[in-house]
Amino acid sequence: MQTELYEVDPLSDNKKLYVKAAEAMAEGALVALPTETVYGLGADAFNAEAVAKIFEVKGRPSFDPLIIHLHHGKELSKVAVIPDELKDLVYQLGKLFWPGPLTMVLPKADVVPDIVTSGLPTVAVRVSAHPAMRGVVKALGHPVAAPSANLFGRISPTSASAVMKELGGKIDMVLDAGACSEGLESTIVRPYVDERGKPVLELLREGPVTREQFRGVAKVIRKKPTSAPASDEAKPAPGMLESHYAPRKPLILIEDGQTFEPEEGVKYALLSYEGTSALAEEGDWVKVVPMSPGKGRLAEAAVRLFALMREMDEDESFDVIVAEPVSAAGLGHAIMDRLRRASVKR
Ligand code: AMP
Ligand code: MG
């Protein structure tokens, strides 16, 4: 299959292009689309056959449900059935964080095909802030199911070229709007009300909307990740897979307080936060790759993380990636989560 690549023009409204992409999707095509987090692999969420192709192309196990994108929060009641006691909390979250990098897991409406939610009674919903995703969803008139546009378990793509490398020839179309502005997958929460009637957010995936930002909205609880299941039947909680976002080369994460002992004859490169730590300066590295050179800005590290991991994966001058921790505050939680899942267990 020939994958058509179209550039989104930052100076025009791109209406024709969005309609073209939506028309292809209405016929069952898979179209990779930019969002502010990472590139998504989109299909008409109401077309079960097209959604099945997403799982097939990504090699994604059927137990891993997809996120669906709406063009506006007001469409939410068409795909989710929100219990009365949750209405205020969900409305507040939408008002604060939509359009934006927040995904909410809510009881699903019947119109959402079971294949989208892996048979779960809940659906994950998001309104992206990216004009291309919103424009295509609006033109299609249906929600778009869109997981990250990479092969299952691999690093999420933050550019159209990364999508082309991984899925070129396997999907119908890619819309190229340059690099993603957040660079990490959306924060996922499941809002609920506890026994005492208090609003709670179960944090299913750390992301650009940080725990701190939910302060004053609801209490946040976090479950621990689980190991990969032996079969489809023994499914883990969605999003809780320990190994994910991984390069092909081994990545060793040095957590705070851990030491690193290099092995004789192995070539290492360091993925460093600022590039100026004692480890960066004293270790025997083929190269030191800083996520946020000199300054140590978490937002910059987040934007560059996946692209740097891809680059280091393709670099033949060394064998193993060693990663340093970033500060565990704000966005640092999401960065550390991705580094942990990309790393080999020690
Ligand atoms: P991806 O779009 O590839 O980043 O993956 C979507 C992720 O959304 C899944 O791996 C789950 O973590 C999460 N998700 C989707 N639907 C649900 C759901 N119904 N309940 C809990 N988590 C979900
Ligand atoms: Mg993914």
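Atoms within each ligand, like the ligands themselves, are counted from 1 in listed order.
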With a cut-off of 2.8 Å, does Asn150 put an N/O/S atom close enough to the Mg ion (ligand 2)?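 No, Asn150 does not qualify, because none of its backbone or side-chain N, O or S atoms lies under 2.8 Å.
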
Where the closest heavy atom to atom 20 (N) of ligand 1 is concerned, which of Val112, Ile188, Thr37, Val105 has it? Val105

Atoms of ligand 1, numbered as shown, that sit under 4.0 Å from any heavy atom of [X]:
X      : value
Leu120 : 18 (C), 19 (N), 20 (N)
Leu66  : 15 (C), 16 (N)
Arg205 : 1 (P), 4 (O), 5 (O)
Thr122 : 18 (C), 19 (N), 20 (N)
Leu204 : 21 (C), 22 (N)
Ser148 : 1 (P), 2 (O), 3 (O)

Hey, are [X] and [Y] close enough for a salt bridge, meaning a charged N less than 4.0 Å from a carboxylate O?
X      : Y      : value
Asp114 : Lys108 : yes
Lys295 : Glu274 : no
Lys78  : Glu75  : yes

Between Asp194 and Gly197, is there a donor-acceptor pair closer than 3.5 Å when you use the side chain of the first and the backbone of the second?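 Here the side-chain-to-backbone pair exists.
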
Say whether, by atom type as modelled, one donor and one acceptor occur between the side chain of Tyr273 and the main chain of Gly296 under 3.5 angstrom. yes

Between Glu324 and Ser272, does any side-chain donor sit less than 3.5 Å from a side-chain acceptor? yes

Do Ser148 and Glu185 have a side chain donor and acceptor closer than 3.5 Å? no

Min N/O separation Asp64 to ligand 1 under 3.5 Å: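 N/O-N/O distance below 3.5 Å exists for this pair.
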
Please determine if Arg60 has a nitrogen or oxygen closer than 3.5 Å to a nitrogen or oxygen of ligand 1. yes

Location of contacts on Lys108 toward ligand 1, heavy atoms closer than 4.0 Å: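 Answer for Lys108: neither.
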
Do any heavy atoms of Thr117 fall under 4.0 Å from ligand 1? no

Is the distance between the ring centroids of Phe97 and Phe214 less than 6.0 Å? yes

